[in-house]
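Just so we're on the same page: letters track the sequence lines, and every chain starts at 1.
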Number of protein chains: 2
Amino acid sequence: MEKLSRKEQIKTVAARLFRKRGFKATSMRDIAKAMDMEAPSLYNHISSKRQLLEELLMSIAQSFILGMKEVKEAPLNSLEKLERLIKLHVDITIDHTDAVSLLTNEWVHLEGGAALDFNALKDDYEKDFKGILMACIKEGHLKEVNADLAMFSILSTLRWLYSWYSKNPNVNKIDLEQQMVKLLIPTRNE
Amino acid sequence: MEKLSRKEQIKTVAARLFRKRGFKATSMRDIAKAMDMEAPSLYNHISSKRQLLEELLMSIAQSFILGMKEVKEAPLNSLEKLERLIKLHVDITIDHTDAVSLLTNEWVHLEGGAALDFNALKDDYEKDFKGILMACIKEGHLKEVNADLAMFSILSTLRWLYSWYSKNPNVNKIDLEQQMVKLLIPTRNE
DNA sequence: CCTACCGATCGGTAGG
DNA sequence: CCTACCGATCGGTAGG
């Protein structure tokens, strides 16, 4: 499937440029140039610029949704689930750094149905995340904290992990997972 | 000084729109419309779109630089200084929510000398922040943590505080300051 | 995959 | 502060 592969190349290049300059500031001619082709040729593989963004965001969002589903269904206690969620973010961020950055910064440029779908996924994800965090608090694994604020803080760090990782690309994945768990989980007794 | 005041109105409106749609996706016609005037009339008060962004970013950055200077020179121990820094972020975020969001999301659209100046300020600020954080660790106020990662995490939360605050606008400033201090400072003994 | 090209929109200027 | 307007660039299409 040469066509599919070509489309994936374009998406990879687009993700890199969208991240670097932003979606609106990246032109189809920029993408074409980075692909060594002319702008109109891109349209043999994709249908529009906004489709590029939508597919990039939706596919990485699905990775998080799937990961959340697995964590929820796993036979673990709430604290272990929270650890697994943190590791999920670390892993996806390391493997798909550019796409993750779009999830943080460029989703505002989605329009119409895609924007609605995306926000629904985001709300579901955050609701599930909060549920696990609150279970941790209720079961006494965590310090008593404002759950909303704690979730906001943890997710803020995880959302910006891509920029830290980009400046420290040689870090070991397992090490980073453990450091993030240690940093983000305010355990009661140490 | 009606002219000055008019310019400030334009900057306030621009900050709101830049935040909502992004700098590149906001046209001068959008800003003019929100001001109930025609786009060319804006140029009686400002000189260019990029100047708008530059002035918004530089003036809010100066608030942080000034606050950092005061904290550094204050007769406080390192832990108290860290607390003061967190409160500084909370205060500026509450008072200038839109401009703070630009500091997080739109500085990438600075070009030329303004981009260089901005990055220099950012580097200085983070170096000072890290110095205070490392002093806290060395003096035994904080848990032993990876200082780079801890700073990254604290700043990530503080950078995104504007979005949390926008969803919880009725929070009391003093309460929020105290909650953020409690949440972000991993003290040794509680 | 390319050349030629379109209508829309952009930041900004001239002139009053 | 407005009307009239400019050159540049945008996403995208026609046709091969």
Side-chain angles (χ1 to χ4, degrees), chain A residues 1-58 102 105-115, chain B residues 1-58 102 105-115:
Chain A
M1 297 283 137
E2 205 208 316
K3 258 198 168 171
L4 202 80
S5 152
R6 203 77 176 120
K7 182 176 179 180
E8 286 306 314
Q9 288 174 38
I10 293 171
K11 285 171 71 172
T12 302
V13 165
R16 195 181 74 232
L17 294 177
F18 289 167
R19 173 188 174 181
K20 189 177 176 186
R21 313 183 199 175
F23 174 72
K24 285 282 185 180
T26 302
S27 70
M28 297 307 282
R29 285 157 179 85
D30 292 332
I31 297 171
K33 197 172 184 180
M35 289 290 297
D36 263 320
M37 56 204 298
E38 298 300 320
S41 304
L42 293 171
Y43 291 88
N44 288 301
H45 305 285
I46 59 154
S47 68
S48 69
K49 187 187 180 188
R50 62 186 285 181
Q51 180 213 28
L52 266 181
L53 181 67
E54 287 173 9
E55 291 193 5
L56 285 166
L57 285 174
M58 284 303 170
L102 305 184
N105 295 307
E106 305 300 329
W107 62 272
V108 289
H109 296 112
L110 290 175
E111 294 170 45
Chain B
M1 295 282 139
E2 207 208 317
K3 257 197 170 176
L4 203 80
S5 152
R6 203 77 175 119
K7 181 175 180 182
E8 286 306 313
Q9 288 175 38
I10 293 171
K11 285 170 71 173
T12 303
V13 165
R16 195 181 74 231
L17 294 176
F18 289 168
R19 173 188 173 182
K20 189 175 175 186
R21 314 181 198 178
F23 174 71
K24 286 282 184 179
T26 302
S27 71
M28 297 305 284
R29 286 158 179 84
D30 291 333
I31 297 170
K33 195 173 185 181
M35 290 289 297
D36 263 319
M37 56 201 299
E38 300 299 320
S41 304
L42 293 170
Y43 292 88
N44 289 301
H45 307 283
I46 60 153
S47 69
S48 66
K49 186 187 179 187
R50 61 185 287 180
Q51 181 213 26
L52 266 180
L53 181 67
E54 287 172 10
E55 291 192 6
L56 284 167
L57 285 175
M58 284 305 170
L102 304 183
N105 295 308
E106 305 301 328
W107 62 272
V108 291
H109 296 113
L110 290 175
E111 294 170 45

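- In terms of heavy-atom proximity, A:A39 sits nearest to A:R29 at CB-CG, 3.8 Å.
- For the pair A:K24 and B:F23, the cation does not sit on the ring face, since its NZ or CZ is not both under 6.0 Å from the ring centre and inside 45° of the axis.
- Checked against A:D30 for a salt bridge (Lys or Arg N to Asp or Glu O under 4.0 Å), the options A:K20, A:R16, A:R21 give a single hit: A:R21.
- Side-chain proximity of B:E38 to D:dC1, C:dC2, D:dT3: nearest is D:dT3.
- Between B:L52 and the choices B:I10, B:L42, B:V13, B:L57, the side-chain contact (heavy atoms from CB on, under 4.5 Å) rule is met once, by B:I10.
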Dump the pairs, protein N or O against N or O of nucleotides 14-16 of chain D, anything under 3.5 Å, distances to one decimal.
none

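- Of all non-hydrogen atoms in A:L17 and A:A34, the two that sit nearest each other are CD1-CB, 4.1 Å.
- Protein atom NZ of A:K33 is 19 Å distant from nucleotide atom C1' of C:dC1, rounded to whole Å.
- Taken from NE2 in B:H109 to CG in B:L53, the straight-line distance is 8.5 Å, to the nearest 0.5 Å.
- Look at CG on A:L42: it is 14 Å from P on C:dT3, rounded to the nearest Å.
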Using the rule given for side-chain contact (heavy atoms from CB on, under 4.5 Å), can you reason through A:I31 versus A:F18, listing the C-alpha separation, both sets of side-chain angles and the distance that settles it, and then say yes or no? CA-CA 9 Å; A:I31 297 171; A:F18 289 167; 4.0 Å; yes

Do any N or O atoms of the protein come closer than 3.5 Å to N or O atoms of nucleotides 8-11 of chain D, and which pairs are they?
{"unit_1": "D:dG11", "atom_1": "OP1", "unit_2": "A:T26", "atom_2": "O", "d": "3.4"}
{"unit_1": "D:dG11", "atom_1": "OP1", "unit_2": "A:K49", "atom_2": "NZ", "d": "2.9"}
{"unit_1": "D:dG11", "atom_1": "OP2", "unit_2": "A:M28", "atom_2": "N", "d": "2.8"}
{"unit_1": "D:dG11", "atom_1": "N7", "unit_2": "A:R29", "atom_2": "NH1", "d": "2.8"}
{"unit_1": "D:dG11", "atom_1": "O6", "unit_2": "A:R29", "atom_2": "NH2", "d": "3.0"}

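- Using modelled atom types, one side-chain atom of B:K49 and one backbone atom of B:T26 make a donor-acceptor pair closer than 3.5 Å.
- In this structure, B:L110 CG and B:M58 CE are separated by 6.0 Å, a value rounded to the nearest 0.5 Å.
- Both key distances under 3.5 Å define a Watson-Crick or G-U pair, and stretches of 3 or more such consecutive pairs in DNA chain C run C:1-16 with D:1-16.
- Annotation for A:H45 and A:K7: closest pair O-CD, 3.6 Å, computed over non-hydrogen atoms.
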